Amino acid sequence: VRISIGVLVLLLGLTACSAETEPAPDLVLANGKVFTADAAAPWAEAVAIRGSRILAVGSDAEVRALAGAGTRVVELDGRVVIPGLNDAHRHFELPVSGSHQLALTPLEPSWDELEAALRQAAATTPAGTWIEGTIGVTVMTDPHVDRERLDGLAPEHPVRLATFYGHGDIYNSLALSELGVEESEADPLGGFWERASVSGRLNGRVFEYPQWNARRRLNQEIEMAVVVERLRAEAAEMLAVGITSAQTMPMLSLHRFVDGLIEAGLPIRVRAIRFPGTEGQARLLDEDRDVSVPTRLVDRITVGGTKWILDGTPLERGAAMRQPYHDAPEQRGRLNFPAEEVAAMLRESIVADEQLLVHAVGDHALGVLLSAMESMPEVDWPPRRVRVEHGDALFPDLAERAAQLGVVVVQNPTHFALPAVVQRVGTDRGFQPLRSLLDAGIPLALGSDGPPNPWLDVMLATLHPASPSEAVTVEQAIVAYTRGAAFAELEEEEKGTLVAGKLADLAVLSQDVFMVPADALPSTRSVLTLLGGKIVHDAGELR
Ligand SMILES: [Zn+2]
């Protein structure tokens, strides 16, 4: 009896105590310039954190007053704090196991440069070694560059030239045979192996699904240790620029990707998005359906959403357009799937109760998607947050329909800086809209789809070199990279803004991104990155 009373007194005592005083924060970030990305209160001076969550955001005096004896106070000296960035569109891919990488000028190496590099690589690496190089439209659209030309330079090495924009590869004959691609190979659903116009022979070029199917097959050979090492390096690179969440469409099986994430134990949140292939005339609907994450890691690794690619890009004139291309009046691009397949994707997302993500660039592809959604008036689309990746030709008539359907757009500003895009689509057509999407009320997120430098993306979003009237402000770009990206992955209750109760994922920046000239933005770094209240990157600059 005495013990019970004692316990009771203790309990009452504790209850009374905790009712009187709020628990003190573990950490206070004081005297900063805090951009919360919360529309109701976008600016503050300090943040208090307890455990993995934000305890309070407010004026310096208010937040400092919460500190207790055990609170660590970090003086920001006016530095900018933002919610951790969330890269809404990334890929994960690796070179072929044991391959030799050609050192080429980024983006648009010339054929002369490539020829010399390939000749040298063939002379200096053992026969049978894969040789890989990254090319742009210059080489990809040169009709003289084909499998025979590559065979002439490197007959005993499998060669793959991959476009930096991911839509189109060129293989030589040995690479085709290593991939098991035969002359009689039928095109699978979703893309094609190009054939020489006279002989009908495969010319080594491959577009869309057979390209990714082949790449996925090659990537299956890669050792787990290599996957883990690359994941760790990428995570460190992301944390150093203020990214705390990444939404990734891996170019290898989701099983292996998630196994790699589990083994790597990364201090970053990753959403793994299913990106299945095709076989014969079917989409591989069940591929990677049964991937699971151990309970201890569910706050950092999530598996969700299925992505399909509906068309190509303007660079290879593969984006399916309603009007002909500006620089090739006989071409309008092509759809990877007929409209019935797009409707099936939508139905599958409802049955599986998962988010559907589609790469759709051309206005024809976008129109097919929107029409399919509109043909199911019984479905309440906005809560499903169907995602359009890129949405470059979401012209005003389509944007209005997309807004009605609650479609979320994920755009990648590095695509605004490619002169070849302007060449293909012409100027002043409202291609690659950004500001007008916000005006139309479309939820917008940003992602890199390229080099993991969100600050390059912020710069390009605020300049929009291809269409300056579509530029947004730095604040709008950061909101799209934080709150917008969290909304795009249905996680806005947990992260994306600096608000009491949310996860303490944030970055302290090396410079005031709201004040520096645009061309200084890409050099922005994070001096301190927190994930769930824990320091996961520290440049050692703060007291
Ligand atoms: Zn992409």
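Below, each value reflects all heavy atoms present in this structure, side chains not excepted, and no hydrogens, waters or symmetry copies. Since the structure is predicted, the reported quantities are computational estimates derived from the model, not experimental observations. Atoms within a ligand are numbered from 1 in the order they appear, just like the ligands themselves.
For the Zn ion (ligand 1), the N/O/S atoms of His89 include one lying under 2.8 Å. Residue His91 counts as close to the Zn ion (ligand 1), with an N, O or S atom under 2.8 Å. Among the atoms of Asp449, an N, O or S atom falls under 2.8 Å of the Zn ion (ligand 1).
For the pairing with Phe275, the side chain to side chain contact (heavy atoms under 4.5 Å, CB included) check across Glu287, His359, Arg216 returns one residue only, Arg216.
Salt-bridge annotation for Arg385 and Glu492: present, with a side-chain N of the basic residue lying under 4.0 Å from a carboxylate O of the acidic one. Using a 4.0 Å cut-off between charged nitrogen and carboxylate oxygen, Glu491 and Arg271 do not count as a salt-bridge pair. Under the 4.0 Å criterion applied to side-chain N and carboxylate O atoms, Lys495 and Glu489 are assigned as salt-bridge partners.
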